[in-house]
Amino acid sequence: HVQVVESGGGLVQPGGSLRLSCVASGFSFNLYSIGWFRQAPGKEREGVSCFRNSDGTTYYADSVKGRFTISRDRGKNTVYLQMNSLKPEDTAVYYCATAPRSLYSNNWSEERAYDYWGQGTQVTVSS
């Protein structure tokens with residue numbers, strides 16, 4: 001069965017870095033898109049980034065462009081989210097999710113495009 005497990009969250013000072021990992025199993029990894037979402041207290045969940053495994057295309061929310069980088073280790077069925085220059089407003093629970101199809105600019109940030117979700121990992125940016 002499909003499993004999606006995130007790790008790597010924690011407490012970091014403003015300006016610091018963290019790398020989140022998403023290990024996915026139980027499906028044809030190379031045919032899927034993998035997305036990162038986040039949900040801050042009192043706010044709706046929002047799309048942060050997406051990796052389209054079919055050709056390596058990546059997408060980012062405007063709020064994280066230039067600071068976050070999504071990447072893949074195909075041999076480990078793992079997608080990473082490298083987060084640099086972190087800000088207090090990046091504080092949220094971060095979720096990894098899988099979509100059994102290629103996603104594009106018009107749908108990568110829609111929750112309904114994804115079918116399996118991880119349990120989430122907390123990222124707190126505070127001094």
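For this chain, numbers begin at 1 and follow the sequence in order.
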Exercise for review: Give the cluster check for V48 versus L18: same hydrophobic cluster or not, with ILVMFWY residues linked at side-chain heavy-atom distances below 4.5 Å.
Suggested key: yes

Exercise for review: Look up atom OG1 in T58 and atom CZ in F51, then write down how far apart they are to the nearest 0.5 Å.
Suggested key: 7.5 Å

Exercise for review: With side-chain contact (heavy atoms from CB on, under 4.5 Å) as the test, would you mind laying out the steps for W117 and R45 before giving the verdict?
Suggested key: CA-CA 13 Å; W117 294 76; R45 190 153 54 182; 3.6 Å; yes

Point to revise | Minimal non-hydrogen separation, L103 against A113, with atom names | key: CD2-CB, 4.0 Å

Point to revise | Within-4.5 Å side-chain heavy-atom neighbours: D115 and V2 | key: no

**Study point:** Close side-chain approach of L20 and E6, heavy atoms under 4.5 Å
**Key:** no

Check your understanding: Between C22 and V4, what is the shortest heavy-atom contact and its length?
Key -> SG-CG1, 3.6 Å

Review point. Taking all non-hydrogen atoms of both residues, which atom of R74 and which atom of N53 are closest, and how far apart?
Key: NH2-O, 4.3 Å

Check your understanding: Going only through I, L, V, M, F, W and Y residues with side-chain contacts under 4.5 Å, is there a path from I34 to L81?
Key -> yes

Practice item. Give the minimum heavy-atom separation between S21 and T78, together with the two atoms involved. Key: CB-CG2, 4.3 Å

Review point. Does CD in E44 sit with more than 12 non-hydrogen atoms of other residues, nucleotides or ligands closer than 6.0 Å?
Key: no

Practice item. Examine distances only and state if a side-chain atom of S33 and a backbone atom of R101 form a donor-acceptor pair shorter than 3.5 Å. Key: yes

**Study point:** Stepwise side-chain contact (heavy atoms from CB on, under 4.5 Å) test for W36 and F68
**Key:** CA-CA 11 Å; W36 283 99; F68 290 11; over 6 Å; no

Point to revise | Value rounded to 0.5 Å, distance of CD in Q3 from OG in S25 | key: 4.5 Å

Review point. Do the non-hydrogen side-chain atoms of R67 and D90 ever get within less than 4.5 Å of each other?
Key: yes

Review point. Do you reckon F37 sits in the same ILVMFWY cluster as V79, going by side-chain contacts under 4.5 Å, direct or chained?
Key: no

Point to revise | hydrophobic_cluster_shared for V125 and V93, side chain cutoff 4.5 Å | key: no

Review point. Taking atom CE of M83 and atom OG of S49, what is their separation to the nearest 0.5 Å?
Key: 11.5 Å

Point to revise | Residues in side-chain hydrogen bond (donor to acceptor under 3.5 Å, both in side chains) contact with S7, at least two apart in sequence or another chain | key: none

Exercise for review: Using the test salt bridge (Lys or Arg N to Asp or Glu O under 4.0 Å), find all partners of K65 that sit at least two apart in sequence or belong to another chain.
Suggested key: D62

Point to revise | Non-hydrogen atoms of V5 and Q119 that approach each other most closely | key: CA-OE1, 4.0 Å

Exercise for review: May I ask whether Y80 and V64 are part of the same hydrophobic cluster, defined by side-chain heavy atoms of I, L, V, M, F, W, Y residues being less than 4.5 angstrom apart, directly or through others?
Suggested key: no

Exercise for review: Could you check E46 against S109 for side-chain contact (heavy atoms from CB on, under 4.5 Å), going step by step and ending with a plain yes or no?
Suggested key: CA-CA 7 Å; E46 63 173 353; S109 62; over 6 Å; no

Review point. Does atom OH of Y116 have more than 12 heavy-atom neighbours from other groups under 6.0 Å away?
Key: no

Study note, to complete from the structure: Scanning both residues in full, the closest heavy-atom pair of S85 with S17 reads N-OG, 4.4 Å

Review point. Y59 vs W108 aromatic rings, parallel, tilted or perpendicular, using cut-offs 30° and 60°?
Key: parallel

Review point. Any side-chain heavy atom of Y114 sitting closer than 4.5 Å to one from C50?
Key: yes

Exercise for review: Step by step, work out the side-chain contact (heavy atoms from CB on, under 4.5 Å) result for Q122 and L11.
Suggested key: CA-CA 8 Å; Q122 176 70 46; L11 173 64; over 6 Å; no

